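Okay, so here's the structure we're looking at.
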Protein chains: 2
Amino acid sequence: MQGTNHDDLRRHNLSIILRLVHRSGAASRAQLTRLTGLNRSTIGALVAELVERGLVEERTPDPTRLAGRPSPIVAASDRVVAIAVNPEIDAITVGVVALSGVVHRLIRYAMPSSPSITEAVTITTGIVTQLKRDLGEYSIIGIGVAVPGLVRATDGLVRHAPHLGWVDEPLCDLLAAATGLPVVAANDASLGVTAEHYFGAGQGLTDLVYLNGGSSGIGGGLVIGGVAASGRAGYAGEFGHTRVSAGTNTDSAGIAGTLEAEVTRHALLAALGLHAGATDADTLERALVASDSPVVRNLVNRQLDFLAIALAGAVNMLNPQLIVLGGFLAALHAVDSERLNVAVAALTLPAAFAEVSITPAVLGSNLLMIGAAELAFEALLLDPQQDQGNTAGLPRLSSRAAETAAPTF
Amino acid sequence: MQGTNHDDLRRHNLSIILRLVHRSGAASRAQLTRLTGLNRSTIGALVAELVERGLVEERTPDPTRLAGRPSPIVAASDRVVAIAVNPEIDAITVGVVALSGVVHRLIRYAMPSSPSITEAVTITTGIVTQLKRDLGEYSIIGIGVAVPGLVRATDGLVRHAPHLGWVDEPLCDLLAAATGLPVVAANDASLGVTAEHYFGAGQGLTDLVYLNGGSSGIGGGLVIGGVAASGRAGYAGEFGHTRVSAGTNTDSAGIAGTLEAEVTRHALLAALGLHAGATDADTLERALVASDSPVVRNLVNRQLDFLAIALAGAVNMLNPQLIVLGGFLAALHAVDSERLNVAVAALTLPAAFAEVSITPAVLGSNLLMIGAAELAFEALLLDPQQDQGNTAGLPRLSSRAAETAAPTF
DNA sequence: GTGATACGTTGCCCAAGCCTACAAACCCTC
DNA sequence: GAGGGTTTGTAGGCTTGGGCAACGTATCAC
């Protein structure tokens, strides 16, 4: 239990303002005054400091408004960026995401086979080195990595990433040593829920459950009481291994009768006669909705009922406001959301069910880039006074009007 | 997102110190300096304000120490009290709990039959009125009620308390109107986990799961990231309704195959040939451990295996540090904790299982009194500057040495 | 006693948010 | 387009609360 002194106070107030403009988009100084409850002059001083540090920009006021002196718009800088990395079986994706929310770059580096840790670090470092050159006048805060597996929160050690075949790999340390940038990592689904929480379906809500169905299994994440719940070591949200049947099918961890064992993308594709590699999320959803095959429909119903058991468990346990479904789970939801609702209702306490809705994810392919960048931004958002000088030549107090648009997600 | 001004700062620092001495017991000013990181002079000023407000007392220093000037001991007052109330089927229990942790009084008012809301309010008000007279020189902060049922967090409405037969009863409003004291209420198991978290098996931990087995079902509570997770409306922690089998037994909510349907105290008592009413928790535990009946042992094993499914779900979902079992679930654990561990291990991710241990609750019969009092204290702990003047004649700056012992729980 | 150590106390400093007065920039009306 | 009403930024002084350093005080060890 730490006490708070004057420095902490200032840091906290700077943090609050930077978070507001980062998460909720640009806001006028007058709006910031109302939102924070702080005095006009205080807001002025705080914004001035953030401008001085190059973290926000003040734009000319919006013309269309009511009476009174117009208030300058405060917007997060789009020259302060984080690098988001997502290693997968068939590719490594790297993105450059600005504090303003703009995704400046998106690079997909295809891999012939699942990358080893060394390959992943080498390839990422290569791309980052190139980016550093290209983004000379940008300030690169750090790197956030979305890993499809369990990541230890304390040090970013990848405990187990089954599809990549990684076990206890010190990804963060390796990447930090190779690039010279601070690196943080977390489970991909946990970052997904962060992204949906701040910028997607869960905006403004405090209790979210997120489940994502991917080609290799089901993962998830939690927001509880307004904060992302990582659990003791960072492994929270593994809904895929919830037991939902007495069946003998096993999941990637070898456990029988789990959600991940019973509800699979593979089975859906097989029933539809589609090829796994060539089918993206939208195609699968359209095919499922369009199909009139009773076999497909039976399978969908079966999977929905199993999904309902897992969701009901989460509802009874956590009393969430919203359940967000991503990946092929969103496709299942699209086919028959009513069946899912009814099945969940039958297995939950009425009072808890009354509080919850089930909805598909709204963020598309940029989801993990945004989530991973958010992870990298966290240190800066917590302490805007920290040194973020990775570029010596960042021109401060630039009067160049931002040519990029508002947050695009 | 609220900004912080100077008043908030002071309030927060007072809050931190009051929480420390309340939760972790008395501490010297020097210890407070180290724990909070604040300056000696600041601690002096803060403690002086808390003494002035009658919330803490300074005692003469501990004699046995090293060199140096002895530091006065700061202890939470035991004349600032909350009233804890727990209505049950067969009795209403009322306790007087001091900020220091001392339980001054414990009154059990036996009921011939389950109390209606009106009876509960009338009886409680009667006891409270008497207590107010008796505790003339004490400062009564408010009333905290532990309700065996779902309680809406926003206003303390009892949504559904099945054993008491209460539905949508405005308990808090009624009791506040009748007694003139502030009243807060919450689910009993949620308060149980609060108590275990601050004063019991979960001290100092951040991610706890608590399950309590009572005569009428299984409830629970969560601590996630160091704070009690109440969920959206306050209904979180209802582990009893987690589906653990494909069986047809139903629970109190009419859901089949749930933990509460399969794992019951009643079945254990029946197998042991014991009478429900006359058997307390310790007796049941002793009888279970002592029994060499294969029927009993089979039943225990069955129940342990079902319990393991529910616990495994929680472990995969929440990655907790500790699972605390109370009531007859602790008795099951006492019979064969190894079987439970093995069964949970088989259903969880190894990385998550490695972080968790399963332990019985350590707080006994005072559990709910302490939890309910904690709920009532929360407002004061959050803002020690608030007016708590329910007694005009509270003698401040009393030099009377406290005759009561250190926290007894 | 004397020194060492640890801690409370006191007076001063400073940072940061608030307040007040005033100026600036918009709207609307005539 | 001049003037009133409204909202907001700005400048300067005020207040508050925590930090700091010097000093006083209580203990232990010898």
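As the structure is a prediction and not an experimental result, all values here were calculated from the model. What's counted below: heavy atoms across the whole structure, side chains too, no hydrogens, waters or symmetry copies. To find a chain, count down the sequence lines: A is the first, B the second, and so on, and within it residues start at 1.
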Rounded to the nearest Å, what distance is computed from the CG atom of residue Leu46(B) to the P atom of nucleotide dG17(D)? 10 Å

To the nearest angstrom, how far is His12(B) atom NE2 from dG17(D) atom P? 15 Å

Spacing between Glu49(B) atom CD and dG17(D) atom C1', to the nearest angstrom: 11 Å

If you compare every side-chain N and O of Asn13(A) against the phosphate oxygens of dA16(C) (OP1, OP2), does one of them come in below 4.0 Å? no

Pairing of Asp7(B) and Arg10(B) as salt bridge, 4.0 angstrom limit: no

Give one of base, sugar-phosphate or nothing for Arg11(B), where a contact means two heavy atoms less than 4.0 Å apart. nothing

When you measure from the side-chain N and O atoms of Arg10(A) to the phosphate of dG17(D), is any distance below 4.0 Å, counting only OP1 and OP2? no

Could you tell me, to 10°, how much the axis swings from one end of the helix from dG1(C)-dC30(D) to dC30(C)-dG1(D) to the other, five pairs per end? 10°

Short question: side chain of His197(B), backbone of Leu205(B) - any donor-acceptor pair under 3.5 Å? yes

If you measure from CD1 on Ile43(A) to CD1 on Ile17(A), what distance do you get to the nearest 0.5 Å? 4.0 Å

Judged by atom type as modelled, is there a donor-acceptor pair below 3.5 Å linking the side chain of Lys132(A) to the main-chain atoms of Thr179(A)? yes

Is there any protein nitrogen or oxygen under 3.5 Å from a nitrogen or oxygen in nucleotides 9-15 of chain D, and what are the pairs?
{"from": "dG9(D)", "atom 1": "OP1", "to": "Ser71(A)", "atom 2": "OG", "distance (Å)": "2.4"}
{"from": "dG9(D)", "atom 1": "O4'", "to": "Arg69(A)", "atom 2": "NE", "distance (Å)": "3.4"}
{"from": "dG9(D)", "atom 1": "O4'", "to": "Arg69(A)", "atom 2": "NH1", "distance (Å)": "3.3"}
{"from": "dG9(D)", "atom 1": "O4'", "to": "Arg69(A)", "atom 2": "NH2", "distance (Å)": "3.3"}
{"from": "dG9(D)", "atom 1": "N7", "to": "Arg40(A)", "atom 2": "NE", "distance (Å)": "3.3"}
{"from": "dG9(D)", "atom 1": "O6", "to": "Arg40(A)", "atom 2": "NH2", "distance (Å)": "2.9"}
{"from": "dT10(D)", "atom 1": "OP2", "to": "Arg29(A)", "atom 2": "NH1", "distance (Å)": "3.4"}
{"from": "dT10(D)", "atom 1": "OP2", "to": "Arg29(A)", "atom 2": "NH2", "distance (Å)": "2.4"}

Below 3.5 Å between N/O atoms, which protein atoms pair up with nucleotides 3-5 of chain D? Just atom names and distances, please.
none

So Leu46(B) and Leu38(B), do their side chains get closer than 4.5 Å, heavy atoms only? yes

Kindly say whether Ser28(A) contributes a backbone atom to a donor-acceptor pair with the side chain of Ser71(A) at under 3.5 angstrom? no

Spacing of Gln385(B) atom CD relative to dT16(D) atom P, expressed in whole Å: 13 Å

Once you round it to whole Å, what is the distance between P of dC7(C) and CG of Leu32(B)? 12 Å

Any salt bridge linking Arg23(B) with Glu378(B)? Criterion: basic side-chain nitrogen under 4.0 Å from a carboxylate oxygen. yes

Taking CG from Asn5(A) and C1' from dA16(C), how many angstroms apart are they, rounded to a whole number? 12 Å

Tell me the interatomic distance from Asp7(A), atom CG, to dT16(D), atom P, rounded to whole angstroms. 21 Å

Could you tell me whether the side chain of Asp207(A) and the main chain of Gly225(A) form a donor-acceptor pair under 3.5 Å? yes

Is Arg29(A) paired with Glu58(A) through a side-chain N to carboxylate O contact shorter than 4.0 Å? yes

Under 3.5 Å, side chain of Glu196(A) to main-chain N/O of Ala201(A), donor-acceptor pair present? yes

Separation of dA16(C) atom P from Asp8(B) atom CG, nearest Å, is 16 Å

In Å and rounded to the nearest 0.5 Å, what is the CG to CD distance from Leu191(A) to Glu374(A)? 9.5 Å

